[in-house]
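None of these values were measured; they are calculated from a predicted model.
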Amino acid sequence: MFIFALNRNNIRMNKNSEALRGIVKALTKERNRLGLKQVHVANELGVSQTYLSQLENGKKPRFSTAILVRYAETLGSNLPIIIWKSLDE
C-alpha cells in the first residue's frame, strides 16, 4: 500500500514515476471507456491535443498536478478515485 499526496506544484515524471504513469494510464483508460476523444478533453482542459497526447504517452516530462485533477474532473470523476483504480491494475 502507498499513500500518494498531491500538491499544485510542478512535478517531473521520470523513469521512476511508476505511480504517476499509473494515474495517467488510468485517466487515459477512463477517457477511452467514456468514448471521449483527446481533442474534446484537451479543449475542456484548456490545453492542446498535442499536450494531452504527450501527457498520455509519457512524453510530457513536466506538468502540474492540477492538470491531473482537472483531467479527472473533466471525466466526471475525481483524482482519488482514479488513483484507487490505478492501484488495481
Side-chain angles (χ1 to χ4, degrees):
M1 178 176 163
F2 78 94
I3 297 171
F4 193 90
L6 290 173
N7 59 41
R8 297 210 179 251
N9 295 327
N10 283 340
I11 54 177
R12 181 172 279 289
M13 187 159 60
N14 59 40
K15 292 178 183 173
N16 298 321
S17 300
E18 291 298 320
L20 288 176
R21 276 197 292 278
I23 292 166
V24 173
K25 182 180 176 183
L27 286 165
T28 303
K29 184 176 179 179
E30 182 68 3
R31 177 183 63 75
N32 288 325
R33 186 188 72 76
L34 294 170
L36 299 174
K37 299 208 178 280
Q38 270 186 347
V39 68
H40 172 76
V41 173
N43 287 336
E44 289 292 319
L45 293 175
V47 299
S48 69
Q49 185 272 331
T50 301
Y51 179 97
L52 185 58
S53 176
Q54 290 173 341
L55 178 65
E56 288 184 351
N57 292 300
K59 296 179 181 175
K60 191 74 179 163
R62 183 173 286 273
F63 56 90
S64 167
T65 54
I67 194 77
L68 299 180
V69 172
R70 290 195 338 258
Y71 192 167
E73 290 169 350
T74 297
L75 299 178
S77 190
N78 61 56
L79 201 52
I81 296 295
I82 296 296
I83 292 170
W84 183 69
K85 285 181 180 178
S86 75
L87 293 175
D88 287 339
E89 296 182 0

Could you give me the CA-CA distance, side-chain angles and deciding distance for N32 and K29, then say whether side chain to side chain contact (heavy atoms under 4.5 Å, CB included) is met?
CA-CA 5 Å; N32 288 325; K29 184 176 179 179; 5.7 Å; no
Rounded at 0.5 Å granularity, tell me how far NE2 in H40 sits from CD in E44.
4.5 Å
Measuring from K25:NZ to I23:CD1, what's the distance to the nearest 0.5 Å?
13.0 Å
Separation between CD (Q38) and OG1 (T28), nearest 0.5 Å, reads 7.5 Å
So does R70 pair up with E73, basic N to acidic O under 4.0 Å?
no
Indicate if L45 and V39 have the same hydrophobic cluster label, given that clusters are the connected sets of ILVMFWY residues with side-chain heavy-atom separations under 4.5 angstrom.
no
Any chance you could measure L75, atom CG, to L27, atom CG, to the nearest 0.5 Å?
6.0 Å
Answer yes or no: is there a donor N or O on one side and an acceptor on the other, between the side chain of S53 and the main chain of Q49, under 3.5 Å?
no
What are the two closest non-hydrogen atoms of L55 and V24, and how far apart are they?
O-CG1, 3.4 Å
What verdict does the side chain to side chain donor-acceptor pair (under 3.5 Å) test give for E56 and Y71, after you've listed the backbone C-alpha separation in whole Å, the side-chain angles of each residue and the deciding distance to 0.1 Å?
CA-CA 11 Å; E56 288 184 351; Y71 192 167; 2.5 Å; yes
